[in-house]
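Take a look at the structure set out below.
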Amino acid sequence: MKLLIIGGVAGGATAAARARRLNENAEIIVFERGEFISFANCGLPYYIGTSIKKRDDLLITTPADFRNRYRIDVRTFSEVVAIDRKNKSVEVRNLQDQTVYKETYDKILLSPGAAPIRPPIEGVNLDTIFSLRNIPDMDAIKAFVDQEKPLTAVVVGGGFIGLEMAENLTGRGVKTTIVEMLDQVMAPLDKEMAAIVHRFLMEGGVKLSLGNAVTAFTRNGKQIRVSTKNGTELMADLVILSIGIRPENFLARQAGLKVGEYGGITVDETMCTSDPDIYAVGDAIETLDFLTQVPAIIPLAGPANKQARIAADNIMGRRTTYPGSLGTAVVKIFDKTIASTGQSEKKLMQQNIPYRKSYTFSGSHASYYPGSETMAIKLLFSPGTGRILGAQVVGGKGVDKRIDVLATAIHAGMTVFHLETLELAYAPPYSSAKDPVNMAGFVASNIVKKDVEVIHWHELNDLDQKENILIDLRTKKEIVREGTIGNALHIPVDELRNRLDELDREKTYILFCGIGLRGYVAYRILKQNGFSSKNLSGGYTLFSYADML
């Protein structure tokens with residue numbers, strides 16, 4: 001068995017190590033066009049921001065270490081430029097001396113990754129406009145920040161890398177503006193959850209220019225003038241392009257392999273391409289969404305590592321299948337955490353999949369123990385069965401723990417009713433007796449069981465104001481401090497039973513409090529007294545964030 005692996009990092013290096021563990025006698029060659037076979041690409045922004053002090057900490061393994069441990073032929077600065085499927089050989093260019101040679105194969109694993117999108121904008125190739133994909137990119141950005149000490153930066157794009165770079169540049173004293181073509185950052189989030197992130201960013205000192213696109217870059221002395229679609233111009237000492245990535249599919253196309261509609265290499269559940277002797281993994285492939293089983297590109301390190309292991313198994317004769325990706329992801333923004341898994345509401349709408357949703361706000365741990373921080377959880381679930389379809393969690397401590405629980409629940413096919421009964425670790429410094437995941441389950445289950453009828457923030461504007469009356473259930477102090485919605489009646493929840501005679505049984509009452517809990521209590525009171533009402537999911541807290549949109 002002669003296995004050629006094209007590309008290193010998460011996919012290629014993992015597959016090579018797994019293949020060796022399964023087959024001690026196989027000839028394995030890894031081709032990497034760069035200098036580094038395996039590095040922590042998710043850590044690059046944090047070295048630029050100096051949270052990671054030592055550059056070598058990002059180098060997971062060196063070519064020499066890999067050769068010594070696994071007896072694998074590692075060829076860096078080697079670019080595979082063509083695959084000859086008929087003769088089962090590849091053409092390789094040595095990038096140091098430009099010589100070209102051929103290498104035969106029995107099997108190939110493609111792990112070329114994805115390239116940053118660099119749009120055809122005027123001035124996009126100016127020398128102080130950077131992208132961040134690999135160690136050399138990181139070195140160039142860090143050297144510029146260390147030596148030139150820029151005061152201002154523009155980050156184009158509000159995805160994972162864009163937000164991480166904005167945070168790390170801000171931490172180094174660089175006043176940073178994010179320019180994003182969409183009306184929100186973090187496209188995987190629904191816009192009301194992204195609105196919470198917007199506030200986190202602004203509180204951290206990052207400026208946002210949303211629903212805006214860059215039209216040109218021009219040199220202005222040592223600075224760059226960033227011209228935008230809405231007519232504003234920003235001056236920056238450096239620019240980071242983080243618009244997105246594109247699957248590296250050149251080799252696959254050249255070899256005649258099937259490529260999907262999104263540009264990713266098409267693979268089956270064994271990670272095999274349209275050629276039975278060629279496999280592919282990582283950011284370059286089109287895999288299946290775990291829930292819907294429709295093609296998707298999910299460029300994340302976790303899935304790439306798992307796919308690599310599965311591909312190596314199948315190459316070495318051990319059938320293993322990949323179930324698809326949930327797209328579980330998390331990002332740190334200053335002292336806050338943003339995470340998501342599964343389907344978003346907008347994706348469910350696009351695919352015409354029936355769903356319901358709930359919002360909860362819970363403490364990261366017991367409120368009486370110092371340091372508790374609030375997290376917002378959006379849960380998406382099937383209307384009938386309550387099967388969990390997706391989740392988004394935004395807040396401070398403990399967000400990562402909860403998104404992992406919810407991702408596990410989705411993977412196991414669990415429902416919101418299971419979330420009610422999950423037995424999760426509890427001690428005051430870590431959680432509450434009713435964990436935030438349990439609370440999300442309670443609220444969602446109440447919706448499915450029709451123990452409460454909810455209304456959502458975006459539905460308020462469409463209400464007939466004559467037939468639907470808002471009731472603010474909070475205290476007077478809360479209203480003075482935070483404001484209210486329109487001309488809502490003010491009836492504190494604890495006074496509601498004694499004031500039922502003030503209400504009209506011909507009207508529908510829209511109940512809201514801080515986060516929805518008092519609204520639920522009030523709904524049950526009105527329901528059992530013959531009144532029609534709805535509870536505003538997420539309460540005034542969510543409304544106030546969404547009202548910023």
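Nothing here was measured: the structure is a model prediction, and the numbers come from that model. Only this structure's heavy atoms are used, side chains among them; waters, hydrogens and symmetry mates stay out.
- Taking the six-membered ring where the residue is Trp, the centroids of F200 and F334 are separated by 6.0 Å or more.
- Every residue meeting the ring-ring contact (aromatic ring centres under 6.0 Å, His included) condition with H411, not counting sequence neighbours, appears here in chain and number order: F290.
- Nearest heavy-atom pair, Q392 versus S340, reported as atom, atom and distance to 0.1 Å: CG-CB, 4.0 Å.
- One distance of note links CG of N230 with OG of S209; it measures 5.5 Å at 0.5 Å rounding.
- Between E233 and T228 the shortest side-chain heavy-atom distance does not fall below 4.5 Å.
- For D137, the side-chain hydrogen bond (donor to acceptor under 3.5 Å, both in side chains) criterion is met by no residue, not counting sequence neighbours.
- Taking S325 as the reference, Y322 meet the side-chain hydrogen bond (donor to acceptor under 3.5 Å, both in side chains) condition, with sequence neighbours excluded.
- Residues forming a side-chain hydrogen bond (donor to acceptor under 3.5 Å, both in side chains) with T374 (at least two apart in sequence, or on another chain): none.
- Residue pairs meeting the side chain to side chain donor-acceptor pair (under 3.5 Å) criterion with at least one partner in residues 256-268, sequence neighbours excluded, are D268-T270.
- Sorted pairs that involve residues 44-63 and meet ring pair (Phe, Tyr, Trp, His ring centres under 6.0 Å), not counting sequence neighbours, are lacking altogether.
- Shown are K306, R21, R18; of these, the salt bridge (Lys or Arg N to Asp or Glu O under 4.0 Å) with D313 is made only by R18.
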Discussion item. R318 vs L22, test: side chain to side chain contact (heavy atoms under 4.5 Å, CB included). Steps then yes/no.
Written reply: CA-CA 9 Å; R318 179 181 294 188; L22 295 178; 3.7 Å; yes

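- Ion pair K332/E164 not flagged as a salt bridge, since none of the NZ, NE, NH1 or NH2 atoms sits closer than 4.0 Å to an Asp/Glu carboxylate oxygen.
- For E269, the salt bridge (Lys or Arg N to Asp or Glu O under 4.0 Å) test picks out R319, with sequence neighbours left out.
- Listed by chain and number, the residues in a side-chain hydrogen bond (donor to acceptor under 3.5 Å, both in side chains) with R85 are D275 (sequence neighbours excluded).
- Atom OG1 of T320 is separated from atom CG of N314 by 5.0 Å, given to the nearest 0.5 angstrom.
- The minimum heavy-atom distance between F361 and A376, with the atom names listed, is CE2-CB, 3.4 Å.
- Counting only residues at least two apart or in different chains, salt bridge (Lys or Arg N to Asp or Glu O under 4.0 Å) contacts with residues 88-98 comprise K88-D277.
- A search for side-chain contact (heavy atoms from CB on, under 4.5 Å) contacts involving N41 returns V9, F39, L44, not counting sequence neighbours.
- When ring centroids are compared, H198 and Y545 stay outside the 6.0 Å threshold.
- Applying the ring pair (Phe, Tyr, Trp, His ring centres under 6.0 Å) test to residues at least two apart or on different chains, none of the pairs has a partner in residues 79-118.
- The one candidate from M1, R71, K2 that meets the side-chain contact (heavy atoms from CB on, under 4.5 Å) condition with E27 is K2.
- In this structure P63 satisfies the side-chain contact (heavy atoms from CB on, under 4.5 Å) test together with I37, R67, V74, T76, sequence neighbours excluded.
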